[in-house]
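For clarity, every value in this text was computed on a predicted model and none was experimentally measured. One-based numbering, in listed order, for ligands and for the atoms of each.
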Amino acid sequence: MRLGVNIDHIATLREARQGMEPEPAFAALIAENNGADSIVAHLREDRRHIKENDLYILKAIVRSRLNLEMSISPEIVKIACKVKPDQATLVPERRQELTTEGGLDVADNFIGVKKAVDKLETAGIEVSLFIDPIKLQIKSAKRTGAKMVELHTGSYANAVNKKQENKYLVGLKSAVAFAKSIGLTVFAGHGLNYNNVSKIAKIGGIEELNIGHSIISRAVFVGLGKAVKEMKTLING
Ligand code: PXP
């Protein structure tokens with residue numbers, strides 16, 4: 001199974017000081033050197049982390065695949081067509097949200113989603129739709145002409161007890177099987193971490209998991225000790 005590493009929160013940290021570090025492109029190189037099969041970045045409409053310029057740098061240096069997460073807004077679609085990432089993942093977007101909440105409602109926004117899919121595919125960009133793991137959305141995704149879907153694992157990840165977790169896991173399994181049966185390539189992601197990923201990784205048919213927050217969070221702790229030691233050495237010669 002492939003792993004897509006979302007590096008948005010390297011940019012979140014940079015934007016805390018609105019400076020130059022940490023540089024998301026360095027994170028992309030480290031992720032790739034350690035096995036990431038794709039690099040994921042979300043250009044949000046409010047540009048709260050990744051900026052347009054980051055995309056051009058990433059496009060130049062990413063050797064695996066660049067997966068641009070984006071809304072279907074015409075402004076963002078235009079930028080994507082200029083940057084030409086390998087893949088675009090269409091997600092819903094609300095300015096106030098902390099992170100992407102819920103999947104794209106393809107059934108209700110069919111015309112707008114299809115328009116974005118057509119434009120991106122015409123520009124040579126593969127398109128994946130980030131949707132909730134339910135039949136109506138999967139069927140609608142297929143009708144747009146997109147070849148790939150990313151199933152939202154947030155409900156599974158946020159389950160408050162084993163019974164609920166199991167219910168969402170069963171739902172995800174049948175959604176994967178259904179999406180595959182109608183010829184879609186299936187990815188999954190959102191809210192996956194070092195404790196909950198194994199059960200998702202065991203579901204046959206998912207080709208890639210996209211994970212961000214938990215990897216960047218863990219990186220802080222596995223790297224903090226070394227960072228402190230290096231500073232101490234600098235200070236004391
Ligand atoms: N997949 C999609 C479509 C997302 O929007 C996000 C969050 O940016 C992720 C995966 C990664 O989610 P997390 O940061 O919770 O691992």
Side-chain angles (χ1 to χ4, degrees), residues 1-13 15 24 27-28 31 36-51 54-55 58 65-73 76 80 85-106 109 113 116-117 120 125-134 137-138 141 146 148-159 168 172 175-176 179 184-201 203 206-220:
M1 183 177 285
R2 298 196 305 261
L3 171 65
V5 176
N6 182 312
I7 56 167
D8 290 348
H9 295 309
I10 298 294
T12 302
L13 196 53
E15 293 312 309
D37 300 291
S38 70
I39 300 299
V40 188
H42 186 173
L43 182 70
R44 296 186 72 98
E45 290 170 23
D46 64 9
R47 309 292 198 274
R48 71 173 74 150
H49 38 56
I50 294 290
K51 312 277 185 221
D54 292 320
L55 299 182
L58 289 169
R65 278 171 69 76
L66 178 60
N67 176 2
L68 173 60
E69 261 185 46
M70 53 180 277
S71 75
I72 61 168
S73 105
I76 302 283
D86 300 284
Q87 181 184 325
T89 299
L90 303 185
V91 301
E93 200 173 300
R94 282 187 297 123
R95 297 224 167 193
Q96 320 84 301
E97 69 192 0
L98 292 177
T99 179
T100 313
E101 292 165 358
L104 189 63
D105 190 344
V106 187
N109 300 287
V113 175
V117 172
L120 293 161
I125 302 162
E126 293 179 22
V127 182
S128 172
L129 304 183
F130 182 55
I131 55 173
D132 288 328
I134 54 178
Q137 297 299 342
I138 297 168
M148 312 178 286
V149 289
E150 179 176 335
L151 299 178
H152 198 312
T153 49
S155 299
Y156 158 81
N158 292 329
Y168 288 124
L172 273 162
V176 173
L184 290 164
T185 298
V186 183
F187 309 137
H190 209 282
L192 298 178
N193 60 36
Y194 294 82
N195 296 316
N196 65 19
V197 75
S198 303
K199 287 180 185 162
I200 298 293
I203 300 177
I206 299 177
E207 295 189 16
E208 180 173 283
L209 296 180
N210 290 313
I211 306 180
H213 190 261
S214 64
I215 294 178
I216 304 304
S217 301
R218 180 151 174 79
V220 171

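Proximity to Asn210 (heavy-atom distance under 4.0 Å) selects the following atoms of ligand 1: 10 (C), 11 (C). Listed by number with element, the atoms of ligand 1 under 4.0 Å from a non-hydrogen atom of Val91 are 3 (C). Those atoms of ligand 1 that come under 4.0 Å of a heavy atom in Asn6, given as number and element, are 8 (O). Remark: ligand 1 atoms within the under-4.0 Å shell around heavy atoms of His213 are 13 (P), 14 (O), 16 (O).
Taking distance alone, with nitrogen or oxygen atoms compared against 3.5 Å, Glu69 approaches ligand 1 more closely than that limit. Ligand 1 has a nitrogen or oxygen under 3.5 angstrom from a nitrogen or oxygen of Gly212.
Using a 4.0 angstrom heavy-atom cutoff, His42 does not count as in contact with ligand 1. For the ligand labelled ligand 1, residue Gly191 lies inside the 4.0 Å heavy-atom shell.
Judged by distance alone, with hydrogens and angles left aside, the side-chain atoms of Ser214 form a donor-acceptor pair with the main-chain N or O of Leu192 at under 3.5 Å. Here the side chain of Tyr168 pairs no donor or acceptor atom with the backbone of Asn158 at under 3.5 angstrom. Side-chain atoms of Thr153 never come within 3.5 Å of backbone atoms of Tyr156 as a donor-acceptor pair (strictly under, hydrogens ignored). Between the side chain of Arg47 and the main chain of Glu45, a donor-acceptor pair closer than 3.5 Å is present.
The side chain to side chain contact (heavy atoms under 4.5 Å, CB included) search around Asp132 returns Ile134, His152, not counting sequence neighbours. Arg2 meets the salt bridge (Lys or Arg N to Asp or Glu O under 4.0 Å) test with Glu208; sequence neighbours excluded.
At a heavy-atom distance under 4.0 Å, only side-chain atoms of Glu150, from C-beta outward, approach ligand 1.
A side-chain contact (heavy atoms from CB on, under 4.5 Å) with Ser38 is found for exactly one of Leu66, Asn210, Asn6, Val5, namely Asn210.
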